[in-house]
Asker: 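Below is the structure I would like to discuss, written out as structure tokens.
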Amino acid sequence: MTHHSVAHALKASPGIETTVRGWVRTRRDSKAGLSFVAVSDGSCFDALQLVAPATLPNYQGEVLHLTTGCSIEATGTLVPSQGKGQSVEMQVASLRVLGMVDDPDTYPVSPKRHTFEYLRDYAHLRVRTNTFGAVARVRHCLAMAVHRFFHERGFFWVHTPIITASDCEGAGEMFRVSTLDAHRAAAAHVPSPTTAPNSPDFSQDFFGKEAFLTVSGQLNVETYACALSKVYTFGPTFRAENSNTARHLAEFWMIEPEMAFADIFDDMDLAEEFIKYLFKAALDERPDDMAFFNEHIDKTVIETLKKVIESPFERITYTEAVKLLEQAIARGRKFEYPVKWGANLQAEHEKHLTEEVFKRPVIVRDYPKEIKAFYMRLNDDGRTVAAMDVLAPGIGEIIGGSQREERLGVLDQRLDEMKLPKEAYWWYRDLRKYGTVPHCGFGLGFERLILACTGMQNIRDVIPFPRTPGNAKF
RNA sequence: UCCCCGAUAGCUCAAUGGUAGAGCGAGCGGCUGUUAACCGCUAGGUUCUAGGUUCGAGUCCUAGUCGGGGAGCCA
């Protein structure tokens with residue numbers, strides 16, 4: 001007797017005998033002498049309907065007591081369904097209970113509507129629901145598509161370090177990695193990860209110096225780009241920012257491609273092609289899950305994805321963006337924050353551009369150098385840098401990237417302006433000394449991509465076990 | 001970190017300062033090739049914690065804890 005996944009069974013031709021295993025979604029009894037048991041094993045969105053006749057030896061004793069969440073193994077014949085709602089069902093010859101639900105009244109994911117907020121407290125069980133199962137499958141589909149996309153284009157996947165003792169990443173607050181006695185460290189009154197006069201003696205620590213969890217693999221992956229030409233990272237990333245929003249996690253997954261012999265325009269082309277490839281993969285490979293999202297989560301998500309795939313992204317400069325916003329204000333549009341060249345675009349400004357002006361993804365480039373990182377390439381105007389952000393409707397910033405400063409003199413000048421210690425960047429500067437090349441790259445927040453793809457609203461609901469300030473449950 | 005809101009049955013929520021309620025879910029029964037089933041019955045509560053005001057507090061006051069939304073930072 002062969003064993004099949006529910007996904008396989010639903011596509012099998014009628015008459016086949018097989019065994020499926022999974023968890024009960026619902027049970028309905030009929031006095032016609034049978035029970036309908038919907039069983040799901042997560043292999044696809046749909047459950048398989050089992051038709052369990054009252055003649056089963058354990059019908060009274062077990063089948064009639066099956067509740068949502070019970071694990072079972074059923075053997076029988078796949079037949080065309082007599083009822084509506086499914087084309088195939090299994091006529092059960094034998095049904096074995098693997099695990100009952102102890103107390104159905106307190107089973108956290110009973111067959112009723114639950115709020116996502118409630119389900120976050122049951123992250124170990126929420127994946128058994130339609131929504132979280134669909135998210136998990138789409139997440140996998142997108143992860144595979146990321147690797148496929150780069151592999152097909154000659155990019156190499158580089159495993160940049162998770163732990164870094166480099167004090168030059170500078171992309172945000174970092175988590176400390178230490179084997180020093182926690183109480184001694186506390187007694188030393190360390191105010192922040194940056195070195196303080198009374199900080200512990202990190203020369204005694206595991207790495208002989210302060211170490212942290214990475215906030216970005218970019219600086220490391222640049223070294224590989226300057227040898228392998230086209231590379232990318234895809235791995236966990238950590239930010240110890242006290243961010244409490246639906247778009248931020250303390251631990252998230254980031255994708256960072258880096259290309260040598262390429263400029264900011266190549267970078268934008270890659271970002272656009274990448275997003276479109278990923279959206280298409282989700283639509284092509286997970287039509288069942290996407291149909292669910294479109295029906296129950298966001299009625300426009302499929303249409304939105306299709307539109308993104310079909311139409312070119314809008315591309316404007318920061319200066320043009322400011323002009324558009326000023327024009328909107330002149331027409332009477334109110335913003336909470338003022339619009340001024342030189343200031344960061346606020347979330348409300350980005351929303352206006354993507355959701356009201358263009359109604360599609362917008363790539364904004366050439367930002368004032370003062371509001372961007374030191375490594376971004378200085379433009380000829382001397383006051384902007386070759387940075388680009390991809391803004392998506394409903395999500396906001398989904399990609400941030402730039403052409404990197406490849407001229408040592410200019411890089412040093414920027415380090416000085418930002419009062420950063422050149423010594424710490426010695427290996428990064430070496431890349432500019434020894435055969436420097438123009439290069440560029442970007443960072444894509446994987447969970448933000450999943451938000452865009454599924455129409456889900458909260459980033460905590462698209463990662464299995466979200467880590468946020470004050471919460472590292474499970 | 002700042003602003004706003006919330007915490008009552010397994011879940012979602014009601015309840016002028018005056019006996020604690022409904023829907024869903026659960027259990028039992030009825031009905032039905034069922035599928036958001038339907039009908040009936042039943043069970044289920046330290047109203048987040050600690051103080052206070054009051055004859056009387058789920059309700060008002062104070063403090064705390066936890067959670068959510070928005071903002072900033074960013075991906």
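Please read all numbers here as calculations on a predicted model, not as lab measurements.
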Asker: Check ring-ring contact (aromatic ring centres under 6.0 Å, His included) between A/Tyr122 and all other residues, then give those that pass, not counting sequence neighbours.
Answerer: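 Result, ring-ring contact (aromatic ring centres under 6.0 Å, His included) vs A/Tyr122: A/Tyr118.
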Asker: I'd like to check the salt bridge (charged side-chain N to carboxylate O under 4.0 Å, His left out) partners of A/Arg333; sequence neighbours left out, ordered by chain and number.
Answerer: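 If we apply the salt bridge (charged side-chain N to carboxylate O under 4.0 Å, His left out) test to A/Arg333, skipping adjacent residues, the hits are A/Glu356.
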Asker: Let me check I have this right: for RNA chain B, each base becomes ., (, ), [, ] or |, based on Watson-Crick or G-U pairs with both distances under 3.5 Å. What is the full string?
Answerer: (((((((..((((....[..)))).(((((.......))))).....(((((..]....))))))))))))....
Asker: Hey, what are the protein-to-nucleotides 1-3 of chain B N/O distances that come in under 3.5 Å?
Answerer:
from, atom 1, to, atom 2, distance (Å)
B/U1, OP1, A/Asn242, ND2, 3.2
B/U1, O4, A/Asn242, O, 3.1
B/U1, O4, A/Asn244, ND2, 2.9

Asker: Could you check whether A/Leu249 gets within reach of a base, just the sugar-phosphate, or nothing at all, counting any heavy atom under 4.0 Å?
Answerer: base
Asker: Out of B/G70, B/G33, B/A71, which nucleotide sits closest to the side chain of A/Ala347?
Answerer: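 Among B/G70, B/G33, B/A71, the one nearest the side chain of A/Ala347 is B/A71.
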Asker: Rounded to the nearest Å, what distance is computed from the CE atom of residue A/Met174 to the P atom of nucleotide B/C74?
Answerer: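 So the two atoms are 15 Å apart, to the nearest Å.
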Asker: Does a salt bridge link A/Arg139 with A/Asp289, judged by any charged N lying under 4.0 Å from a carboxylate O?
Answerer: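 Between A/Asp289 and A/Arg139 there is no salt bridge, as every charged N stays at least 4.0 Å from the carboxylate O atoms.
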Asker: Counting only side-chain nitrogens and oxygens, does A/Gln346 get under 4.0 Å of the OP1 or OP2 atom of B/G72?
Answerer: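 Yes, because at least one side-chain N or O of A/Gln346 sits under 4.0 Å from OP1 or OP2 of B/G72.
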Asker: Flag the pair A/Asp263 and A/Arg377 as a salt bridge only when some basic side-chain nitrogen lies within less than 4.0 angstrom of an acidic carboxylate oxygen.
Answerer: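 Salt bridge: no.
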Asker: Taking ring-ring contact (aromatic ring centres under 6.0 Å, His included) as the definition, give me every residue that meets it alongside A/His352, ordered by chain and number, with sequence neighbours left out.
Answerer: A/Phe335
Asker: Counting side-chain heavy atoms from C-beta on, which of B/A71, B/G68, B/C73 comes nearest to A/Arg460?
Answerer: B/G68
Asker: May I have the distance from A/Gln218 (atom CD) to B/C74 (atom P), rounded to whole angstrom?
Answerer: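 Result: 14 Å.
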Asker: Please report the distance, rounded to the nearest Å, between NZ in A/Lys31 and C1' in B/A37.
Answerer: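 Rounded to whole Å, this separation is 14 Å.
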Asker: So, A/Arg120 and A/Glu117, do they make that salt bridge, N to O below 4.0 Å?
Answerer: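 Between A/Glu117 and A/Arg120 there is no salt bridge, as every charged N stays at least 4.0 Å from the carboxylate O atoms.
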Asker: Among residues 35-59 of chain A, which ones have heavy-atom contacts with RNA chain B below 4.0 Å?
Answerer: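 Close to the strand are A/Phe36, A/Gln49, A/Val51.
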Asker: Among B/G72, B/U34, B/G10, which nucleotide sits nearest the side chain of A/Thr245?
Answerer: B/G72
Asker: Any chance you could measure A/Leu444, atom CG, to A/Glu256, atom CD, to the nearest 0.5 Å?
Answerer: 10.0 Å
Asker: Among residues 108-119 of chain A, which contact RNA chain B at a heavy-atom distance under 4.0 Å?
Answerer: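 A/Ser110, A/Pro111, A/Lys112, A/Arg113, A/His114, A/Thr115, A/Glu117, A/Tyr118 - these, ordered by number, are the residues of the stretch whose heavy atoms sit under 4.0 Å from the strand.
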Asker: Among B/G33, B/G27, B/A71, find the nucleotide with the atom closest to the side chain of A/Gln91.
Answerer: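 Of the candidates, B/G33 comes closest.
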Asker: Counting heavy atoms from C-beta on, name the nucleotide in B/G70, B/C74, B/U34 closest to the side chain of A/His248.
Answerer: B/C74
Asker: Would you call the rings of A/Phe442 and A/Phe274 parallel, tilted or perpendicular, taking 30° and 60° as the class edges?
Answerer: tilted
Asker: Taking the six-membered ring for Trp, are the ring centroids of A/Phe150 and A/Phe234 within less than 6.0 Å of each other?
Answerer: no
Asker: Applying ring-ring contact (aromatic ring centres under 6.0 Å, His included), name anything that partners A/Phe238, two or more places apart in sequence or on another chain.
Answerer: none
Asker: Can you check the A/Leu34 CG to B/A37 C1' distance for me, whole Å?
Answerer: 15 Å
Asker: Report the nucleotide, chosen from B/U32, B/G33, B/A71, that has the shortest atom-to-atom distance to any side-chain atom of A/Lys351.
Answerer: B/A71
Asker: Residues two or more places apart in sequence or in another chain: which of them pass ring-ring contact (aromatic ring centres under 6.0 Å, His included) with A/Tyr277?
Answerer: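 Partners of A/Tyr277 by the ring-ring contact (aromatic ring centres under 6.0 Å, His included) criterion, ordered by chain and then number, come out as A/Phe149.
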Asker: Heavy atoms under 4.0 Å is the rule here; annotate nucleotides 41-46 of chain B 5' to 3' with B where the base is hit, S where only the sugar-phosphate is, and - elsewhere.
Answerer: ------
Asker: If the condition is side-chain hydrogen bond (donor to acceptor under 3.5 Å, both in side chains), which residues does A/His147 pass it with, not counting sequence neighbours?
Answerer: A/Tyr232
Asker: Sequence neighbours left out, what pairs pass salt bridge (Lys or Arg N to Asp or Glu O under 4.0 Å) with at least one residue falling in residues 27-52 of chain A?
Answerer: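 Listed once each, the pairs are A/Arg27-A/Asp29.
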